[in-house]
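Just below is one structure, and these are the notes that go with it.
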2 protein chains.
Amino acid sequence: MSETTVVADPRGETRLRIERAALDLFTSEGFDEVTTDAVADAAGISRRTFFRYFATKADAVWGDFTAHVNRLEVLLAAAGDHQPVLTSICRAYVEVNDYATDDLPMLRQRLRLIFTEPALQAHSQVRYAAVDRAVADHVARRTGASAGALVPRLVATSTRAAATTAFEVWLADGRLPLAWALHDAFDELAAGFPSLRPARPAVR
Amino acid sequence: MSETTVVADPRGETRLRIERAALDLFTSEGFDEVTTDAVADAAGISRRTFFRYFATKADAVWGDFTAHVNRLEVLLAAAGDHQPVLTSICRAYVEVNDYATDDLPMLRQRLRLIFTEPALQAHSQVRYAAVDRAVADHVARRTGASAGALVPRLVATSTRAAATTAFEVWLADGRLPLAWALHDAFDELAAGFPSLRPARPAVR
DNA sequence: ACGCTAGTGACACCGAGTGCCACCGGCAAG
DNA sequence: CTTGCCGGTGGCACTCGGTGTCACTAGCGT
């Protein structure tokens, strides 16, 4: 958050070292089996210092997520009003998750942990809440409704559900690009799940 | 879960006593400010015994949630194939949450805590995952797809998003019945969010 | 040489959760 | 009545995540 981006960036460097150590240890041993002492040792720092970089053991898995949310907010705010709301959200999601191919392995590692380990899965809800708030604000701005009303909230949570589901499928499959998975999920959602009615004209 | 419903039910009785003590203390003092020692004291038991009834401090807030999920599964399995998939899910959600008016205050208390306290919010994701699995299985059964495919997962997570959003709105408002809020959310979701396009024919 | 500051490590502390053992109640068999 | 079993319980010690405090060091300007 501070302007600590001078030259050698000694702070960001050790932060990254901790992150990698944590990711590797959690992946090989399991999140619960690794103590913060072990992570600190592997990163060459003390346990106390670990908690100066990450407020929580779980936080080491979620790189700089607040920056992620901030970028999403900027993208949503910059989206023009000429496109449908859902489209603007989808595009923002796609763009904010447009990683360089070199970063994909680490992203996979993060997501695999988050989706697999119950403790991290639990932690994720708090992170998602920040995303939902951003999207709900965007929808409220576009529709004139209150951000606490049903539709903005619902759009926020269900688009986020679409995004995380796309991530899961992308992670499990490994073939299709992430952007495609996101578009598939959003298309399905925006059209009211057309693949649920194969040839049934909804009797009643 | 067990058949512990004999006559006096001494076990279920103390369990309920713990639950009430926890709910009241958490509501008045805040979840993080109340120690398990305090809850145990208020319930007239020892800390060790508290953890024999609830695996986690947070679990005391979620009554018997596995029974809730089981009922949902039964309702989904019993739903006929004549109605659209989303309708069957909506009806199951409405029916499984059809509480007696006497139970509503306690339900509100639970939900307010769950939605408000970050620690409980985090815990909720693990509970929701069980619900999602049940719904995804139902969708997979109805559509013939794999339960791990995109559409069943997406339907599960977004319908659950609709349900929780409905709960939040119901909790905040207090006027409209829970069933109405659920129907509103599901209608919006099933129709692809019609209230997002007031008079705009989606230019491209 | 002086002080200031940022980053760090050591230590003590709290609270959630767990394993272990000892205790006490009832209850059936002898 | 005594013996032994058994489910529920309490006490205790321990691990581990997380926090507050303090002392130490390295750099850096004066």
Side-chain angles (χ1 to χ4, degrees), chain A residues 1-19 21-23 25-26 29-62 113-114 117-127, chain B residues 1-19 21-23 25-26 29-62 113 117-124 126-127:
Chain A
M1 205 41 42
S2 314
E3 58 298 321
T4 334
T5 324
V6 202
V7 184
D9 197 9
R11 222 179 129 74
E13 199 176 314
T14 58
R15 186 184 167 92
L16 188 63
R17 214 170 54 236
I18 300 173
E19 230 171 280
L23 245 46
L25 281 175
F26 293 162
E29 316 265 331
F31 183 79
D32 295 323
E33 276 62 46
V34 179
T35 65
T36 53
D37 261 313
V39 176
D41 277 2
I45 54 164
S46 76
R47 200 173 81 97
R48 191 64 187 84
T49 300
F50 173 90
F51 284 109
R52 287 207 182 87
Y53 282 88
F54 298 98
T56 293
K57 186 183 171 189
D59 277 317
V61 179
W62 298 76
L113 280 170
I114 290 169
E117 298 282 347
L120 292 172
Q121 204 180 330
H123 193 75
S124 67
Q125 185 70 9
V126 181
R127 304 312 188 101
Chain B
M1 197 56 32
S2 316
E3 59 297 319
T4 334
T5 324
V6 201
V7 183
D9 199 7
R11 216 170 138 77
E13 200 176 313
T14 58
R15 187 184 167 94
L16 189 64
R17 214 169 57 235
I18 300 173
E19 231 172 278
L23 244 45
L25 282 175
F26 293 161
E29 316 266 332
F31 183 78
D32 294 324
E33 276 62 46
V34 179
T35 66
T36 53
D37 261 312
V39 176
D41 276 2
I45 53 164
S46 76
R47 201 174 80 94
R48 191 64 187 85
T49 301
F50 173 90
F51 284 109
R52 287 207 180 87
Y53 281 88
F54 298 99
T56 293
K57 188 184 172 187
D59 278 316
V61 180
W62 297 77
L113 281 170
E117 299 283 348
L120 291 173
Q121 205 179 330
H123 193 75
S124 67
V126 182
R127 303 312 188 101

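Only heavy atoms go into these numbers, but all of them, side chains included; no hydrogens, no water, no symmetry mates. In the text below, chain A, chain B and the rest are named by the order of the sequence lines, each starting its count at 1. It should be emphasised that the depicted structure is a prediction, and the values quoted were computed from it without experimental measurement.
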(request) Grab the two heavy atoms, one from A:Ala22 and one from A:Ala60, that are nearest each other, plus how far apart they are. (result)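 That would be CB-CB, 3.8 Å.
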Roughly, in whole Å, what's the span from [atom1] in [X] to [atom2] in [N]?
X: A:Ile45; N: C:dA10; atom1: CD1; atom2: P; value: 12 Å
X: A:Glu33; N: C:dT18; atom1: CD; atom2: C1'; value: 14 Å
X: B:Glu13; N: D:dT9; atom1: CD; atom2: C1'; value: 16 Å
X: A:Arg15; N: C:dA6; atom1: CZ; atom2: C1'; value: 17 Å
X: A:His123; N: D:dG17; atom1: NE2; atom2: C1'; value: 13 Å

(message) Is any side-chain heavy atom of B:Arg15 closer than 4.5 Å to one of B:Phe54?
(response)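 Yes, their side chains come closer than 4.5 Å.
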(request) Spell out protein contact along nucleotides 20-25 of chain C as letters: B when the base is contacted, S when just the sugar-phosphate is, - when no protein heavy atom is under 4.0 Å; keep the 5' to 3' order. (result) B-----
(request) Can you tell me which residue pairs pass the salt bridge (Lys or Arg N to Asp or Glu O under 4.0 Å) test with a partner in residues 48-59 of chain B, sequence neighbours excluded? (result)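 Output for this query lists B:Asp59-B:Arg127.
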Restricting both atoms to N or O, compile the protein contacts to nucleotides 15-17 of chain C shorter than 3.5 Å, with distance only.
from   : atom 1 : to      : atom 2 : distance (Å)
C:dA16 : OP1    : B:Thr36 : N      : 3.4
C:dA16 : OP1    : B:Lys57 : NZ     : 3.1
C:dA16 : OP2    : B:Thr36 : N      : 3.2
C:dA16 : OP2    : B:Thr36 : OG1    : 3.1
C:dG17 : OP2    : B:Lys57 : N      : 2.6
C:dG17 : N7     : B:Arg47 : NH1    : 3.2
C:dG17 : N7     : B:Arg47 : NH2    : 3.0
C:dG17 : O6     : B:Arg47 : NH2    : 2.9

(message) Any side-chain to backbone donor/acceptor pair from A:Thr14 onto A:Arg17? Under 3.5 Å, distance only.
(response)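 Side chain of A:Thr14 to backbone of A:Arg17, a donor-acceptor pair under 3.5 Å: no, none is there.
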(request) Answer yes or no: is there a donor N or O on one side and an acceptor on the other, between the side chain of A:Gln121 and the main chain of A:Ile114, under 3.5 Å? (result)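 Looks like no, no N/O pair under 3.5 Å.
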(request) Please determine if a side-chain N or O atom of B:Thr49 lies less than 4.0 Å away from the OP1 or OP2 oxygen of D:dG10. (result)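 Checking D:dG10 against B:Thr49, a side-chain N or O does come within under 4.0 Å of OP1 or OP2.
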